[in-house]
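Notes follow the structure.
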Amino acid sequence: MARLSFAEALVEGMRHELRTDERVFLMGQDIGKMGGVMGGSRGLIEEFGPRRIRETPISESAMVGAAIGSAMVGKRPIVEISFGEFLPTCMSQIVLQAANLHYMTAGAVDVSMVLRTRIGDGPYRGHPQCYESWFAHVPGLKVLMPSTPTDARNLMIAAIRDPNPVIFFEHMWLYHGVREEVDDVPVAATIGKAAIRRVGRDVTVVATGWMVHKALEAAETLALEGIEVEVVDLVSLAPLDIDTVASSVRRTSRIVVAHEAWKIGGIGAEVTAAIAEACFFDLEAPPVRVGAPHHPLPMAKPLRDAFVPDVDDLLRAIRQAMAS
Amino acid sequence: MARLSFAEALVEGMRHELRTDERVFLMGQDIGKMGGVMGGSRGLIEEFGPRRIRETPISESAMVGAAIGSAMVGKRPIVEISFGEFLPTCMSQIVLQAANLHYMTAGAVDVSMVLRTRIGDGPYRGHPQCYESWFAHVPGLKVLMPSTPTDARNLMIAAIRDPNPVIFFEHMWLYHGVREEVDDVPVAATIGKAAIRRVGRDVTVVATGWMVHKALEAAETLALEGIEVEVVDLVSLAPLDIDTVASSVRRTSRIVVAHEAWKIGGIGAEVTAAIAEACFFDLEAPPVRVGAPHHPLPMAKPLRDAFVPDVDDLLRAIRQAMAS
Amino acid sequence: MSRPNGPGTGEGGNLGSTVRIGLLKAMMLSRTLERACCELNPRWFPAEGEEGVIAGAFFGLRSDDTMAPHYRGPFLAYALRGANLSRLVGQALGKANGYARGRALGFTGPAAMGIVPWVAGDLGTTIGVATGCALGFSYEGSDRVTVCSFGDGTTNRGDFHEALNLASVWKLPIVYVCQHNQYSISLHASEVLPIEHLSIRAGSYGMPGLTVDGNDVFAVHTAVRDAVARARNGDGPTLIEARSYRLGGHWASDPGGYRLPEVQEAWRDKDPIPRAISEMVDAGDLTQHEIDAMWDEVRHAVDEAIAIAKACPDARIEDIGSDEVFAEVPDGTSAHLGARSGSWRA
Amino acid sequence: MSRPNGPGTGEGGNLGSTVRIGLLKAMMLSRTLERACCELNPRWFPAEGEEGVIAGAFFGLRSDDTMAPHYRGPFLAYALRGANLSRLVGQALGKANGYARGRALGFTGPAAMGIVPWVAGDLGTTIGVATGCALGFSYEGSDRVTVCSFGDGTTNRGDFHEALNLASVWKLPIVYVCQHNQYSISLHASEVLPIEHLSIRAGSYGMPGLTVDGNDVFAVHTAVRDAVARARNGDGPTLIEARSYRLGGHWASDPGGYRLPEVQEAWRDKDPIPRAISEMVDAGDLTQHEIDAMWDEVRHAVDEAIAIAKACPDARIEDIGSDEVFAEVPDGTSAHLGARSGSWRA
Ligand SMILES: Cc1ncc(C[n+]2csc(CCOP(=O)(O)OP(=O)(O)O)c2C)c(N)n1
Ligand SMILES: Cc1ncc(C[n+]2csc(CCOP(=O)(O)OP(=O)(O)O)c2C)c(N)n1
Ligand SMILES: [Mg+2]
Ligand SMILES: [Mg+2]
């Protein structure tokens, strides 16, 4: 058992596949001799060299196109878009090419690619936009957002092996902010499954990324007051494992959905709507959503801190869900 | 009172503002001597000439950038992206520049631009992608989708006069598919208000674009069975007039939300979630959503017809809402 | 014809008679097949007049190369790869026998045959995908190549710029062919392109660029053949501007009121097919009789394809659905829950 | 220094003494201000070594022109436009006195002064916005111009291509200046650019392109001044590649282990500021004493700005919120419901 940071676990996952599958390679900016953006590919250039760890120009759309095309001829590219803020520059490739190819050709080609990108607030104060709900709206994409080092490694392995395009969101605060004992034997995780991170009978909190950790913190606090919070980590935004959420809600009768993206139109809207449809008669209180306020994301640290939903916001939301 | 098609009404709205405000101009592909894409700018080149009706290269990102910059220096550009399918090619300009500029400069500049685009299934079988929920997720954009010729004209006028970026979705089936007597005096409509298209006490159907007309058709059918459907046309997806929806639901206790975009992650998810939060104790039955099934949009006519939600889907959904 | 940057036109004499006959027949097939599609579907995009570019670009590739043809006239490329004509016509008609079972646009290609298919209508993006195919070939160290064509108007998309730059940085085995027909729907090139010769854009990427007469099929093919050889040899990409003219409308039913009939007529006189025929007859490659027989053969093949396609059922709603939204995950890689709803109707 | 396409370097003698002194002082201000920002903020982007390009590009514009400076070293452009130094330093520090009240990135500009501000971090998109400003000027028939600068790496973005093409098609009054510092973060230009001279890219748009020595502030300014005159005169856009070198890291705390110290040292010897000083002292424009006084003045101004900025409160959470998400709709145009929630916290 090695104690790995989230970033180290991501690199471990890629390293494992690079070692075992010659078809796998990584493309991105500053992924080589600089050690990767935020250390996100540290050590790979030394082991695999510039053919497999490929530095690219600032051409995000061509980078994703290059990943798609090489996947179509049988490679297993990982393309790194340094930050989620740059996804809008390559949307056509993602939603019109990668997402459509398998279906529109009636299954004639696979697009086995991983698009990894960094999102969310964190030690690095730049480019944190969280557009993940856009991708969950578009059929043909798998959308992952791990919250633990174990998932980071094992889902990365699964994403690389998956014959479909996978958008892999890496939360920047988690990068160097969480460490965990990770089993020495890497395995491919199951894509499309939510994880229950804490069992509780009173209220279900569904969260993604860093918010999972904040939810666990809130749960600790509320446990002292006798409120038992069940924390569900979505992990996969597409396919969305609404069954796991629904069966939790059937037990607790209450739901709070929390993410760092803007509340309006975020993935929390889909989870809340799906639960309102599926568990209407199980719910004892209105669902509560937590998300960023509806204004652009400010940059100065105090403003950023105020913008990003925190443990207090969660506590308030959970108490509101418990109130009625 | 002139009897105008939806497309004619759109052109009337632009013509009115082009006549009265020298700052207004239109940019796009094939908007001039061809008569506009699907007749969407017919007659304007003859009256206003190539300085104000500007043909552009196939450079959607530059087109939107050009609109933003010219708006910043005081112009009132309308930029036409021929079809919604091309929005992914210019997302950065829309969500990172247009949406952010006013807020991020603490109000120092306005971006008074209209981005008009055609979406939805219709007589023209191409490019119908409905990505409107992406834009409703991003603060700083106003997002409109009229469903009647009167709204088409009067909202276009309001959008042009609005000092903010407005994304204006024009449904292709409506273009030549609906006609209406339109008052001779053009007025600027109020942006941000939903419209109750039919009053009913039993169930609220919230719809957008062409689905509004299908909902009215379904309502006729159900009226024969004694079910009185209230039809709310969202009109504005951002700002979202959830108050009008909520007060309708408080009267009917039941809600169906319908749109042509994919159900998962569509604007219906936001409306459903917001109503579940706001009207939980008013609802007597689970909300029901109608939207496209979760696979890419097929192209052959029979497949397209099967893909796009129709009156039968609405009838089924409304009956489901009435059942419990 | 100007040649900003590299060798030029008029090398048709270089080509052996078999190749020349093959090119002619390819043009004949394209003309016949596309005319049929235009008659059957008023929204078809006519390629008439541009057959020299299409045949010249895609003839003679190896079966393990990839092709990424422009949306105007791509059926010839698919046919050269072995696609079944009745399935292609079926696509134009929205029939169930199309390669994509009616899911994709009618002009999409059989992807399994090494074709970059049209799965969406956003111009320019396929240039990036085609470049990715070439990356795959370069990565595996093979000598496979990609030929990618696109319209003159499409070279104004950012994706054109990014893809060509990347291909040059990585010296990828790809040949870019601009099917320059002087129009983007109603807009003449002079309205949207600030330069006369698109081949000059190659200079921005440090790759060879050349302009050829697109109505001279032999010139186009010679240029592409040489560029393919360079690419196979590891010498990187080439941009070829093949200048032609769109004799028809943007779509079959487009009255094209935005242009002058006399210009159109002048270009009709430069039709690449009669031109190749007269060159070949003069050179003694073929007799008029043999040419008539070639037309007959091509017409017969297309007529048969139309008959089969027409007899096919329309695309069937059973063929849409959530199957194939995702490729199946092989056992032992990762369990997989799949899409939430099993049926095609929400 | 090569000059692919147009006039070149070494015309500093053309410039009057006042302009030369102004340019030198601008470089001194940039050096001092940016060094201070680097000391105060380890994530600042050092412009040291590139002052010749920045001063040369933005000096001497009219107050009704627009400026769209690159994110590396833009404070000088803002200062030339009259921005308050303490408010700029405040931005670098995330203080409440910044022009954007802490909302935007620290290097954003005071938009009200005709600056294209940095409201996001996606490189390339501002080139399109700047081009739009020039469209506005062209549309209104005025003789206002826009000067827009960007990095060498940014020229690989599709937005660069689309914007320059559009500017040329419409003959817009804009001057594009590539602040070529040979790096995109850790990547040397040779790794991501298949050409030596970016000015050649002007050829793709039929606009003049020229390469100048970016460490010769007089050469840069002469080239930009001439291009501005062309643009004002209605003769359209120009692309100027000004070649320099990034002496510091990508950000202030970047150890820059990806490059050779000896190359860095060689470029240190080409520092544009001592170079301009020695030319000016030789030409008799200034004495060493006057130069010392200029440094003192600049340092004093920056020290004062730092002191004021440091004393300011941090950006205040009262300054975020839903106000100014939208500009208010004036009465009589359209009633308006506004954003749904009035408070900044969801
Ligand atoms: C990104 C994008 N913008 C606009 C369109 C609409 N459109 C379809 S065909 C066409 C003209 C294309 O011109 P060109 O590339 O020269 O090809 P041609 O039609 O002449 O063969 C346009 C503008 C599109 N399909 N994609
Ligand atoms: C679209 C986009 N991709 C990637 C980045 C990450 N990034 C920030 S600065 C930078 C290097 C830019 O290089 P250049 O344009 O030469 O400017 P320089 O930093 O050298 O001044 C990169 C890649 C970005 N900001 N935007
Ligand atoms: Mg064309
Ligand atoms: Mg640089």
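Below, chain A is the first sequence line, B the second, and so on; all start at residue 1.
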| Basic-acidic side-chain contact under 4.0 Å: C:Asp65, C:Arg232 | yes
| Side-chain contact, heavy-atom cut-off 4.5 Å: A:Thr204 with A:Val232? | yes
| Closest-packed option against chain A by number of heavy-atom pairs under 4.5 Å, given C:Thr125, C:Thr131, C:Thr126, C:Thr66 | C:Thr125
| Closest heavy-atom pair and its distance - A:Lys142, A:Asp162 | NZ-OD2, 2.8 Å
| field | Leading residue by heavy atom contact count with chain A [cutoff under 4.5 Å; candidates C:Pro110, C:Ala104, C:Gly109, C:Ala68] | value | C:Ala104
| Where on C:Ile174 is there a heavy atom nearer than 4.5 Å to chain A: the side chain, the backbone, both, or neither? | neither
| task | Please look at C:Trp118 and chain A and tell me whether the side chain, the backbone, both or neither of the residue comes under 4.5 angstrom of a heavy atom of that chain. | result | neither
| task | Answer whether the closest heavy-atom distance between the side chains of A:Phe169 and A:Pro146 falls below 4.5 Å. | result | no
| query | A:Glu22 versus chain C, heavy atoms under 4.5 Å apart: side chain, backbone, both or neither? | reply | both
| request: Just give me the residue among A:Arg23, A:Met72, A:Lys75, A:His102 that pairs up with chain C most often, heavy atom to heavy atom, under 4.5 Å. | output: A:His102
| field | Row check, C:Phe45 ring normal vs C:Arg72 NZ/CZ: under 6.0 Å, within 45° | value | no
| request: Pick one of side chain, backbone, both or neither for A:Leu141, based on which atoms fall under 4.5 Å of a heavy atom in chain C. | output: backbone
| task | For chain A, find its close neighbours in residues 73-86 of chain C: heavy-atom separation under 4.5 Å, sorted by number, or none. | result | none
| field | Best-contacting candidate, A:Asn100, A:Thr105, A:Ile58, A:Leu96, against chain C by heavy atom pairs under 4.5 angstrom | value | A:Leu96
| Is the closest side-chain donor-acceptor distance between A:Glu60 and A:Gln29 under 3.5 Å? | yes
| note | Scanning both residues in full, the closest heavy-atom pair of A:Leu155 with A:Thr190 reads CD2-O, 4.2 Å
| field | Pairing of C:Arg62 and C:Asp143 as salt bridge, 4.0 angstrom limit | value | yes
| request: Please determine if C:Arg103 forms a cation-pi arrangement with A:Tyr103, meaning its NZ or CZ atom is less than 6.0 Å from the six-membered ring centre and no more than 45° off the ring axis. | output: yes
| note | Scored by heavy-atom pairs under 4.5 Å with chain A, the best of C:Gly128, C:Ala167, C:Gly102 is C:Gly128
| What part of C:Ala111 gets closer than 4.5 Å to chain A, counting heavy atoms only: side chain, backbone, both or neither? | both
| query | Could you state the interatomic distance from CZ (C:Arg157) to CG (C:Asp159), rounded to the nearest 0.5 Å? | reply | 4.0 Å
| query | Can you tell which of C:Ala100, C:Gly132, C:Gly124 has the highest number of heavy-atom pairs within less than 4.5 Å of chain A? | reply | C:Gly132
| said: Whether the C:Tyr139 and A:Arg54 side chains hold a donor-acceptor pair (N or O, under 3.5 Å, no angle test) is what I'd like checked. | reply: no
